[in-house]
There are 2 protein chains.
Amino acid sequence: MTMSSKNPKAPEVSRRRARNSLSHEEILEAALKMTEADGLAQLSMPALARNLGCAVMSIYKYFRNKDALLDALAHRVMRDLHRRLPPAGDGDWDVELVAYFTAYRDLMEDTPAYREVVLYASTSVVRAALTPAQWRRLDTGIGLLHRAGLPLSDAVRVYNVCYNFTRAYVAYEHTVRAAASNRPDTEGAAEDPLDGAEYPLLAALPDPTAAIDINEDGFRLSLELLTAGISRTFGIPLTA
Amino acid sequence: MTMSSKNPKAPEVSRRRARNSLSHEEILEAALKMTEADGLAQLSMPALARNLGCAVMSIYKYFRNKDALLDALAHRVMRDLHRRLPPAGDGDWDVELVAYFTAYRDLMEDTPAYREVVLYASTSVVRAALTPAQWRRLDTGIGLLHRAGLPLSDAVRVYNVCYNFTRAYVAYEHTVRAAASNRPDTEGAAEDPLDGAEYPLLAALPDPTAAIDINEDGFRLSLELLTAGISRTFGIPLTA
DNA sequence: ACCTGAACACCGTTCAAGT
DNA sequence: ACCTGAACACCGTTCAAGT
């Protein structure tokens, strides 16, 4: 009864895509949009093709397989990410250090799609060709510690620690949160009170599970402790 | 021509499983074995059924769906894990703290299947009913910091930081390593030397990518810095 | 009650064919 | 050259049927 079904020979909005209308870029853009909207888990080749209005196999002319597509997506996302991420400033080392890594987490919080993509393709992102913006940020981050008084080799080791801590924490936060939202929450189910004889300390706490929660407070305290640890271990004063 | 195909009416090794031969326990055991052998990614319902010598749908009599099975698997693994994980000792707080969290990482290194399972079902594991062994270890871990001089509420916050750091670090290490082993390594591809004018510090390094590597050294240094940070922030002396 | 095969709606991917 | 449909080997899961 619809217009398009009345006569199969009718124009029917031209199902077939024009000759060179598809491109590497358009496919990636669509994939990114879909990831932002519904998450990486929903990004399938058929769904992507539907979204592009092309046949599934057309995508394979531009990407060897799905993995290659995800790799390209990860690179694109990392490039965007570092464009929005400032290099280290030249204020007090401890203040700047906290700001430097907090900025990374904040940006990831802003754009959940980034977290998934970055988390997924860890390798291609961590190991493969870094963009100039990433090298720059890396260089200034190490410089921060070097200026504060650490020998270069120690500055690299300490930067490494802070960097991996931040990446790991954000990734872990994300997986925990994602998993939590997929389940019937046990919020209502009243927990059994803990036996004070068995667990003297936990039993005294208002919420024992707080000890293993993961949230922003923990991230902040971690950075504070790391900073204090750097100060103490390398004998450079804190300013804050 | 084979014996079994000659006569379809022959005994044929009795394809059908005996009446009550299947069980919750046997299924979980098989799933764990398969995960140890080939990784969680290879654990499909058909593969599991083949392994058990039963029909795929038989499994569904014991587990509502695959997610429920993975949940049960995660709980089983966490229970095993904490059985092998000692509570905190009563030596010097800083030495014990490092040993306490290093033990977790070491155990995860030992049994890669554990990492995958624990990593996967973050929620059910982190939030849902903890076993007595886990509560015990938690209680002694917090006690470690409390005995060292931290008020109980701070001891919980600091424990939380160390715990989440360790979990996150191990999980992140695992995903990076797993992803790396799935790809053509770029080891051979000689990296372009970095421009000394653009990246003065990185250019001076023998291997700039070391700044973002992840390995055991980073883990150890992280724990050292955290310990030093706790000492400095809460004014309790280091003994090591 | 417990176990099962057939069937469904999805994947990613190969292959041979359209234009 | 670029785009496409049909087909294949896999998933997880529902349903109705065997024993």
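All values derive from a computational prediction rather than experimental measurement.
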J.: Quick one: the side chain of B:Arg19 and the base of D:dT19, do they pair up donor-acceptor inside 3.5 Å?
T.: yes
J.: If you count the non-hydrogen atoms of other residues, nucleotides and ligands that lie under 6.0 Å from CZ in B:Arg137, is the total more than 12?
T.: yes
J.: Applying a 4.0 Å non-hydrogen cut-off, can you work out what A:Met45 is touching in the nucleic acid: base, sugar-phosphate, or nothing?
T.: sugar-phosphate
J.: In the structure shown, which nucleotide is the Watson-Crick or G-U wobble counterpart of D:dT13, with both distances under 3.5 Å?
T.: C:dA7
J.: What's the CE-C1' distance between B:Met57 and D:dT13, to the nearest Å?
T.: 6 Å
J.: Both distances under 3.5 Å, Watson-Crick or G-U wobble: report the partner of D:dG18, or none.
T.: C:dC2
J.: Report yes if a side-chain nitrogen or oxygen of B:Tyr60 is closer than 4.0 Å to either non-bridging phosphate oxygen (OP1 or OP2) of D:dT13; otherwise report no.
T.: yes
J.: In this structure, is the centre-to-centre distance between the rings of B:Phe165 and A:Tyr172 below 6.0 Å?
T.: no
J.: Using whole Å, report how far CZ of B:Arg17 lies from C1' of D:dG18.
T.: 18 Å
J.: Round to the nearest Å and state the distance from B:Arg16 atom CZ to D:dA17 atom P.
T.: 16 Å
J.: Roughly, in whole Å, what's the span from CG in B:Leu48 to P in C:dT4?
T.: 13 Å
J.: NA contact type, B:Tyr62, heavy-atom cut-off 4.0 Å: base, sugar-phosphate, or nothing?
T.: sugar-phosphate
J.: Out of C:dT4, C:dG12, D:dG12, which nucleotide sits closest to the side chain of B:Ser58?
T.: C:dT4
J.: Is the shortest side-chain N/O distance from B:Lys66 to OP1 or OP2 of D:dG12 below 4.0 Å?
T.: yes
J.: Please determine if B:Arg105 forms a cation-pi arrangement with B:Tyr169, meaning its NZ or CZ atom is less than 6.0 Å from the six-membered ring centre and no more than 45° off the ring axis.
T.: no
J.: I need the CG-P distance between B:Asn65 and D:dC15, as an integer number of Å.
T.: 14 Å
J.: Output the rounded distance in Å from NE2 (A:His24) to P (D:dC2).
T.: 14 Å
J.: Counting any heavy atom closer than 4.0 Å, what does B:Ser44 reach on the DNA or RNA strands: base, sugar-phosphate only, or nothing?
T.: sugar-phosphate
J.: Take the protein atom CD1 of A:Ile59 and the nucleotide atom P of C:dG12, then report the distance between them rounded to whole Å.
T.: 9 Å
J.: May I ask you to check whether B:Tyr163 and B:Tyr100 place their ring centers less than 6.0 Å from one another?
T.: no
J.: How long is the line joining CG of B:Leu69 and P of D:dT13, in whole Å?
T.: 10 Å
J.: Decide whether A:Gln134 and A:Thr131 meet the rule of one side-chain donor and one side-chain acceptor closer than 3.5 Å.
T.: yes
J.: For A:Ala49, answer base if it contacts any base atom (sugar-phosphate contacts may also be present), sugar-phosphate if it contacts only those atoms, and nothing otherwise; contact means non-hydrogen atoms under 4.0 Å.
T.: nothing
J.: Hey, does A:Ser21 reach any base, or is it just sugar-phosphate, or nothing, if we go heavy atoms under 4.0 Å?
T.: sugar-phosphate
